[in-house]
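I have placed the structure first, in the form of structure tokens, so that the comments after it can refer back to it.
In what follows, every heavy atom counts, from backbone to side chain, and hydrogens, waters and symmetry copies are set aside. No experiment lies behind these values; they were computed from the predicted model shown. Just so we're on the same page: letters track the sequence lines, and every chain starts at 1.
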Amino acid sequence: MTADMTKSKAEKQTRNLAAVLRRRAGEVYGPGTEIDGLMRLSGGASRETWSFDALSPDGHRVPLILKRDPLNEKRDETADSQFGGAKVLLGVDRWTEGRLMQLAGEVGVPVPEVPFFLDADDQTSAGYVMQRLDGEALGRRILREDAYARARPKLAFQCGEAAARFHNIPVNRLPSLPSLTAAEALDYHQDVIDAFKQPHAGFEYGIHWLRERLELAGDRLTLVHGDFRNGNLLIDGEGLRGVLDWELGQLGNPISDLGWICIRAWRYGYYDKPVGGFGEVADLLDGYQAGGGGQVPLERLRFWEAFGCLRWGVVCMIMAFTHIEGRERSLEKVSIGRRAVEGEYDLLQLVD
Amino acid sequence: MPTDRPTAAELVEAVREFLADHVAPNVEGQLAFHTRVAVNALAIVERTMAQGGAMDAAELSRLKDLLGRDGDLAEMNEALARAIRTGEMDDQGAAVLDHLRQTALDKIALANPRYLTPRG
């Protein structure tokens, strides 16, 4: 395809999307609502993100973001994919993702509002629209830039408080979600590693250690965010503004979210701050208690941090094998495979 | 290996330098990001060519001590992984952990030596 053809195709897609959004925004903000500044933000293979403003007839301007599935691709409704024979959980659909944000917002978790959804039809793939908030989500910038210096010391507490609140959403209010107990989650990660046929003594040691301590995991099963970390948090000068990216939402052990935000991979080199590179464990757990999550024993947090290291390693391997098995040839993905050792190394420091 | 100079390592080094010095400064956005990823990938290959052999030999020697037998590296690693899973290594836990930590440290030294250096 020539560059001109690609450009005209992209322009046509943008025009079509603008028409869809105008119709849906009209239903929400009133007839005559216009769409302004529609612009594609990310070109990821698995998701499209768009930015636009809705202009209502009374002159009100609403800054919004659309996240939708890629066009021209029928989504695998089971949300699973075969990796070397193992099923890999790839996340929930767009409706569920947006719905989880709405539910979290209702219990006081800072999240962007989700005013409407797009159903898949001949004009668009499925998606949800959320408020475009001001702030920074790039982990490194949050840790480095002066603009967030005042926010950083507050974040660990605020993250704990937010997590406690969404962990306490009654399970019967949640949409249908994948569900994994601690034991099932361990089996899942072992199965994925086995499928790659690359015997791995380091992760094997970690899995064995975790298995022998399963009673430390706790047996609550709640909504978990699934990717609760520095990098999926919108921060402004005052603190936590939004918990983003709910597509790995699932029913699981709540402390898995707290372990995940502590693993070294999300500290971006700021290793002396165990929570996301910005905060202290004591503040995270104080916030968790203040938000109604109860007291978390340090041993339980350590279990889930070790588990998080295993999970990060497996995520890196899944990326690499996406390339190696030819599903998507990508230099970026295959290179991330070498980061699996970060999870392995950190896991081996946490266990004994 | 039937080769003259440049060696394979020297060729990889030349490609990395070309990407870093001549491509990266002249591209932007996604292409600049992927060029950096490519430079890093080639740096891993270079470090592996320079240090991988000695690391393999040391790892194999540790595996022989732990398992009390001989074999090639892949086979011995598979045996260790299996023995950890079945609990056969439980009575040697500390020695196994020392070995695995050293092996992981070597892998990091090849994959991303900066990972262990704190910032901030």
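- Considering only heavy atoms from C-beta on, A:Glu344 stays 4.5 Å or farther from B:Ile108 through its side chain.
- Within 6.0 Å of CZ in B:Arg69 there are more than 12 heavy atoms belonging to other residues, nucleotides or ligands.
- Here the CZ-NE2 distance, from B:Arg85 to A:His208, works out to 11.0 Å after rounding to the nearest 0.5 Å.
- Between A:Glu332 and B:Phe33 the shortest side-chain heavy-atom distance falls below 4.5 Å.
- Taking each heavy atom of B:Pro118 and A:Tyr271 in turn, the nearest pair found is CA-CD1, 3.8 Å.
- Chain B forms more heavy-atom pairs under 4.5 Å with one residue of A:Tyr268, A:Trp209, A:Tyr205 than with any other, namely A:Tyr205.
- Annotation: the span from B:Arg36 atom CZ to A:Ser335 atom OG amounts to 12.5 Å, rounded to 0.5 Å.
- Note that the CG atom of B:Asp90 and the CD atom of A:Glu212 stand 5.5 Å from one another [nearest 0.5 Å].
- The environment of A:Asp146 atom CG is sparse: at most 12 non-hydrogen atoms of other residues, nucleotides or ligands sit within 6.0 angstrom.
- Using a 4.5 Å cut-off between heavy atoms, B:Leu116 contacts chain A through both its backbone and its side chain.
- Side-chain polar atoms of A:His200 and B:Asn77 form no donor-acceptor pair below 3.5 angstrom.
- Of the two parts of B:Thr103, neither the backbone nor the side chain holds a non-hydrogen atom closer than 4.5 Å to a non-hydrogen atom of chain A.
- The heavy-atom pair separating B:Tyr115 from A:Ala265 by the smallest distance is OH-N, 3.8 Å.
- Salt bridge absent: A:Asp272 and B:Arg119 never bring a charged side-chain N and a carboxylate O closer than 4.0 Å.
- Across A:Glu342 and B:Asn112, no two heavy atoms sit closer than the pair OE2-ND2, 3.4 Å.
- Counting heavy-atom pairs closer than 4.5 Å to chain B, the top-ranked of the candidates A:Leu348, A:Leu143, A:Ile336 is A:Leu348.
- Of the two parts of B:Asn40, neither the backbone nor the side chain holds a non-hydrogen atom closer than 4.5 Å to a non-hydrogen atom of chain A.
- The two residues B:Leu100 and A:Ala201 come nearest to each other via the heavy atoms CD2-CB, 3.6 Å.
- Residue B:Glu28 places its CD atom among 12 or fewer non-hydrogen atoms of other residues, nucleotides or ligands, all under 6.0 Å distant.
- For B:Ala111 against A:Arg338, the heavy-atom pair with the smallest separation is CB-O, 3.6 Å.
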